[in-house]
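All chains are named by letter (A, B, ...) in the order of the sequence lines, taking the proteins before the strands, and each is independently numbered beginning at 1.
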2 protein chains.
Amino acid sequence: MTSFPEAFESFALKILSPDLSDAAHLRFQALARQVALEKDRSLDFDGNSSQLIFVGQGATKLVAHASEARDQIVAFHFGGEVFSVPEQDNYSYSVCALRDCSLLTFPADDFLDLAASEAGILRHLLDNTTGSLRRCREKTIALGRKTAAERVAVFLLAMSERIGMEQDGTVLLELPMSRRDIAESLGLTIETVSRQLSLLREAGVIETTGRSGIVLREMEMLKARAGYLRDAA
Amino acid sequence: MTSFPEAFESFALKILSPDLSDAAHLRFQALARQVALEKDRSLDFDGNSSQLIFVGQGATKLVAHASEARDQIVAFHFGGEVFSVPEQDNYSYSVCALRDCSLLTFPADDFLDLAASEAGILRHLLDNTTGSLRRCREKTIALGRKTAAERVAVFLLAMSERIGMEQDGTVLLELPMSRRDIAESLGLTIETVSRQLSLLREAGVIETTGRSGIVLREMEMLKARAGYLRDAA
DNA sequence: CGCTTTTTTGAATCTGATCAAGACAGGTGG
DNA sequence: CCACCTGTCTTGATCAGATTCAAAAAAGCG
């Protein structure tokens with residue numbers, strides 16, 4: 001387990017301005033709570049305050065609880081990313097570890113008060129939030145207008161961008177999430193996800209090894225199945 | 001039509017710091033492009049740059065084009081709001097007026113460069129973006145896990161919060177968007193939206209007057225149909 | 001190697017989409 | 001001011017894709 005100062009330093013390096021005064025640096029550090037979250041463990045919040053989460057190491061899912069047995073995964077976040085957990089509104093949210101994680105959490109209000117005059121930090125947060133918004137919008141489009149086949153293709157392409165290892169034309173994926181997680185992220189059932197992966201396998205677009213390994217063998221075919229605009233990137 | 005300086009002032013009042021120097025103020029003004037967008041007209045962008053939009057007056061929809069005849073409305077925005085239009089990635093985006101609009105547009109990169117050392121402005125943008133993200137996440141949950149009936153209820157409740165007029169227990173809505181818009185926002189078809197509204201009408205939960213008027217007569221029943229957590233706000 | 005859990009596959013069901021008319025609103029021109 | 005016309009909305013019948021229910025197969029663990 002990384003020690004607290006060490007974990008905080010990796011955060012400071014990424015997010016805080018390098019020219020921040022030592023005093024301010026310490027105030028941020030005082031605000032941070034370090035959490036070592038084991039795989040499949042989740043972090044619940046009191047619900048009255050929004051939280052800022054920095055993922056030092058590991059992989060997490062942000063889950064919204066729509067009602068009993070109806071969860072929607074709002075986003076996946078990997079090492080080095082910062083994201084915000086909304087305070088409870090119509091839904092309650094929790095953060096769950098896909099694999100062992102080292103996290104820093106901050107109450108968002110306090111953090112923003114501290115950063116009120118630190119344009120660099122705010123800019124960083126803004127960029128991060130804009131990125132989350134862009135991904136969330138893409139997810140909205142997928143959930144609103146795409147078929148099961150297209151959603152699975154979109155998911156694989158998005159994962160290949162974020163955690164894929166390229167290897168002469170093919171991409172290797174080591175998915176940290178289960179079929180259930182994929183289904184809950186795509187607004188589908190486990191069975192449908194499994195069937196769509198089987199179809200891709202039969203079509204020679206992907207290969208699967210075990211539960212978590214996937215080789216994207218035909219990236220062009222996969223893109224064609226994602227239902228994107230023909231002339232888009 | 002409001003004149004350009006006037007439109008810009010209403011923006012400056014809302015977004016820019018009151019203590020911003022006149023020189024900086026003018027630089028922001030130089031960056032702004034005013035657009036008077038008539039109802040049903042849309043603004044397309046070159047796609048290579050993200051835009052910041054300030055809605056002075058009117059109501060807009062942010063539309064993503066997934067493929068021919070498959071549009072998804074990502075968000076509605078009303079007077080006084082600021083939002084960002086992503087650069088074209090896998091989809092192309094456009095902004096369309098639901099009623100006559102007066103907008104200011106800024107290239108996001110340039111705007112952020114100008115605001116680089118203005119913590120107040122950045123904070124404002126961050127709050128706005130965080131709000132957009134929160135709404136987008138709620139939409140994700142609705143599209144991923146809710147039935148048609150629940151989605152329509154959620155839509156009506158969200159609209160009542162944003163543009164509803166309360167009147168002794170009931171809420172009056174004057175919807176600026178068509179059934180098609182509602183459908184494209186909820187990931188449903190026009191017919192399904194219409195059917196769900198008819199069901200609500202038959203159940204006495206709402207009344208409709210003409211194409212655009214809706215009276216929310218039984219807010220509690222509507223909330224119960226939205227599929228929220230029982231104990232949530 | 002045997003046990004548990006996850007994943008895959010199959011059959012039936014159901015929700016929402018599609019196809020097809022009809023009703024209505026609201027604008028236009030007589 | 002009213003009749004007409006156009007586009008929007010509503011309603012109905014059928015269809016398809018995804019869910020649900022059920023069971024077999026595979027993966028990963030001790």
Donor + acceptor pair across side chains of Arg195(A), Ser198(A) (<3.5 Å):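 No, no side-chain donor-acceptor pair sits under 3.5 Å.
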
Determine the contact category for [X]: base if any of its heavy atoms lies under 4.0 Å from a base atom, sugar-phosphate if only primed atoms, P, OP1 or OP2 are that close, otherwise nothing.
X         : result
Arg201(A) : sugar-phosphate
Leu188(A) : sugar-phosphate
Ser198(A) : sugar-phosphate
Arg179(A) : sugar-phosphate
Gly213(B) : nothing

Distance in angstrom units between [X] [atom1] and [N] [atom2], rounded:
X         : N       : atom1 : atom2 : result
Arg180(A) : dT20(D) : CZ    : P     : 11 Å
Asp181(A) : dT7(C)  : CG    : P     : 9 Å
Glu191(B) : dC15(D) : CD    : P     : 16 Å
Glu150(A) : dA18(D) : CD    : C1'   : 14 Å
Arg211(B) : dG7(D)  : CZ    : P     : 12 Å
Arg195(A) : dC21(D) : CZ    : C1'   : 11 Å
Arg151(A) : dA18(D) : CZ    : C1'   : 9 Å
Glu174(A) : dA27(D) : CD    : C1'   : 13 Å

Does Thr189(A) put a side-chain nitrogen or oxygen below 4.0 Å from OP1 or OP2 of dA18(D)? no

Exercise for the section: Kindly say if Ser194(A) contacts the phosphate of dT7(C), meaning a side-chain N or O under 4.0 Å from OP1 or OP2. Expected result: no

Of dT9(C), dA18(D), dG12(D), the nucleotide closest to the side chain of Thr192(A) is dA18(D)

Residue Ile190(B), side-chain heavy atoms: nucleotide from dT9(C), dT10(D), dT5(C) that is nearest:
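Nucleotide nearest to Ile190(B)'s side chain: dT10(D).
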
Closest to the 5' end of DNA chain D, once Ser178(B) and Ala149(A) are matched to their nearest nucleotides, is Ser178(B)

### Query
Got a salt bridge between Glu81(B) and Arg162(B), using NZ or NE/NH1/NH2 to carboxylate O under 4.0 Å?
yes

Any salt bridge linking Arg179(A) with Glu184(A)? Criterion: basic side-chain nitrogen under 4.0 Å from a carboxylate oxygen.
no

**Request:** Using the side-chain hydrogen bond (donor to acceptor under 3.5 Å, both in side chains) rule, pick out the option among Lys61(B), Arg180(B), Lys139(B), Arg151(B) that qualifies with Ser185(B).
**Result:**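 Among Lys61(B), Arg180(B), Lys139(B), Arg151(B), the one that satisfies the side-chain hydrogen bond (donor to acceptor under 3.5 Å, both in side chains) with Ser185(B) is Lys139(B).
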
Q.
I'd like to know whether Arg211(B) forms a side-chain hydrogen bond (donor to acceptor under 3.5 Å, both in side chains) with Ser178(B), so could you lay out the CA-CA distance, the side-chain angles of the two residues, the decisive distance to 0.1 Å, and finally the verdict.
A. CA-CA 8 Å; Arg211(B) 291 197 199 304; Ser178(B) 67; over 6 Å; no

